[in-house]
Amino acid sequence: MYTHTEIQTFQQKYPILIEMMELSPVFWMNPEIRKVANTVFALTDKDVKDAEQLWQRFAPFIQKEFPETRKGNGWIESPLKEIPAMKMLLESEYTSDLKGNLYLKCDQELAVAGSVKARGGFYEVLYYAENLAIDAGVVQKGENYEIFSTPRLKEFFSQFSIGVGSTGNLGLSIGIMSAKLGFQVSVYMSKDAKQWKKELLRSKGSDVVECEGDFSEAVSRGRKKTNADPKGYFVDDENSKHLFLGYSTAALRLKKQLDEKGVKVNSDHPLFVYLPCGVGGAPGGITFGLKQVFGDDVHCFFVEPVHSPSVLIGLLTGLKNKVSVQDFGLDNKTEADGLAVGRPSKFASSFSEQLVSGIYTIEDNLLFQLLRMLSDSEGIYVEPSATAGLIGPIELMKSHYLQERNLASEDITHIVWATGGGLVPDDEMKELLKR
Ligand SMILES: *Cc1c(COP(=O)(O)O)cnc(C)c1O
């Protein structure tokens with residue numbers, strides 16, 4: 001916690017903090033954004049392509065172990081859907097003229113985990129498993145990875161343990177994939193994690209440790225416990241390069257989907273993407289990938305709950321993972337699973353500070369309204385956090401972003417990233433819709 005005077009100094013320097021501390025929704029444009037050509041990162045586009053190849057190697061294993069991925073040949077990917085009825089509903093609700101096209105990237109439909117965490121979480125577990133197996137000589141490079149489904153490999157992995165701290169969705173993806181490979185896996189769940197997520201995980205063979213505190217506390221407890229085991233590996237959402245790379249590969253698939261739909265992206269036809277943000281890994285990784293593919297023609301915005309603007313506070317002050325929302329008197333309490341994060345990822349912040357166009361914040365009430373609007377207009381069901389991007393195009397129109405860059409609103413393609421909700425049980429969804 002800062003002293004009263006320190007807070008005042010921050011507020012003088014960054015007046016938007018005053019509104020944030022009053023829990024008012026804000027729209028922030030990143031003054032430090034760079035042209036892609038002027039960025040400096042710990043990763044390159046080659047790393048994204050290498051990551052894509054890992055998915056390819058594991059596709060036969062995924063296809064074998066998860067029958068629902070057969071029609072997609074073992075790729076974990078989601079559809080891109082145009083949502084014209086939602087667009088009309090947004091326009092009438094906000095008396096705003098949304099020119100351009102509106103699409104939903106349906107990561108709630110990602111196989112097995114039902115959320116964006118399938119991208120990062122599966123990737124990191126598979127990457128670790130591959131390294132272990134090759135180092136021990138139980139798998140050879142170039143071999144068909146169906147071998148990872150054999151009892152021999154499962155027995156090999158059973159001597160190793162994997163741990164992760166989570167508000168729910170990351171735990172589901174790490175827990176499910178690790179258990180499938182044969183690892184001993186423990187998920188340290190924050191207090192706000194939903195009961196059904198814990199039960200589902202246990203039914204898949206994962207150990208669930210219930211923690212009293214929030215996400216950061218679940219992570220630090222899990223980190224300590226896992227690292228105390230010489231054969232333990234901790235998936236560290238607060239600083240993970242591998243989760244980040246797993247997320248980044250989404251961009252290569254999205255490019256193909258846009259090409260198939262004949263959607264052009266260039267300086268006259270910019271792409272705007274709205275991404276719900278927790279620690280910043282998923283939106284940061286996806287943004288990094290998109291910038292490698294589309295350069296300066298893609299504009300990425302993150303969205304955080306008014307109670308948990310961790311990445312915004314980190315980037316605004318430049319202090320990144322050294323500050324938390326609690327330092328500024330915010331309580332990090334939100335219904336938005338996955339976004340209830342008080343402190344941003346160090347690794348992801350070092351990318352986002354150079355690449356993100358802006359961040360806006362949203363109230364929980366609006367998440368529930370958007371959930372209802374999306375189900376009424378399009379018959380699509382997602383979890384509350386996954387709706388946060390839907391208001392992005394409206395927020396953009398209210399801002400000066402387009403005018404400042406001389407961009408014409410009719411030529412924009414908007415993509416709202418729906419990040420999760422595929423595994424929400426029916427009765428739970430009914431409750432969410434009522435709210
Ligand atoms: C985790 C999560 C996010 C955000 O990802 P971060 O890497 O934490 O920023 C967004 N939406 C949902 C549904 C999530 O589970």
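Counting starts at 1 for both ligands and their atoms, in listed order.
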Hey, which atoms in ligand 1 end up nearer than 4.0 Å to a heavy atom of [X]?
X	answer
Ser385	13 (C)
Cys277	9 (O)
Gly338	1 (C), 2 (C), 8 (O), 14 (C), 15 (O)

query = With a 3.5 Å cut-off and no angle check, do the side chains of Asn38 and Gln354 form a donor-acceptor pair?
reply =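 Short answer, no.
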
query = Side chains of Ser78 and Lys105: donor-acceptor distance under 3.5 Å anywhere?
reply =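 Yes, because at least one side-chain N or O of Ser78 sits under 3.5 Å from a partner of the opposite role on Lys105.
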
Nearest protein heavy atom with distance in Å, relative to [atom]:
atom	answer
atom 8 (O) of ligand 1	Val279 N, 2.9 Å
atom 5 (O) of ligand 1	Ala282 CB, 3.4 Å
atom 4 (C) of ligand 1	Gly278 N, 3.5 Å
atom 1 (C) of ligand 1	Lys117 NZ, 1.2 Å
atom 11 (N) of ligand 1	Thr419 OG1, 2.7 Å

For ligand 1, is there an atom lying under 4.0 Å from some heavy atom of [X]?
X	answer
Val341	no
Gly280	yes
Ser115	no

Phe302 vs Tyr360, ring pair (Phe, Tyr, Trp, His ring centres under 6.0 Å): CA-CA, chis, key distance, verdict = CA-CA 7 Å; Phe302 297 174; Tyr360 64 92; over 10 Å; no

[X]-[Y] aromatic ring centre distance below 6.0 Å:
X	Y	result
Tyr128	Phe183	yes
Tyr401	Phe301	yes
Tyr123	Tyr247	no
Phe328	Phe10	yes
Tyr145	Phe148	yes

message = For Leu170, which part has a heavy atom under 4.0 Å from ligand 1: side chain, backbone, both, or neither?
response =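 Neither; nothing of Leu170 gets under 4.0 Å from ligand 1.
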
query = For Gly281, is at least one N or O under 3.5 Å away from an N or O on ligand 1?
reply =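 Yes, since at least one N or O of Gly281 sits under 3.5 Å from an N or O of ligand 1.
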
query = Checking salt bridge (charged side-chain N to carboxylate O under 4.0 Å, His left out) for the pair Glu395/Lys398: CA distance, chi angles, key distance, verdict?
reply = CA-CA 5 Å; Glu395 293 293 332; Lys398 285 197 293 194; 3.6 Å; yes

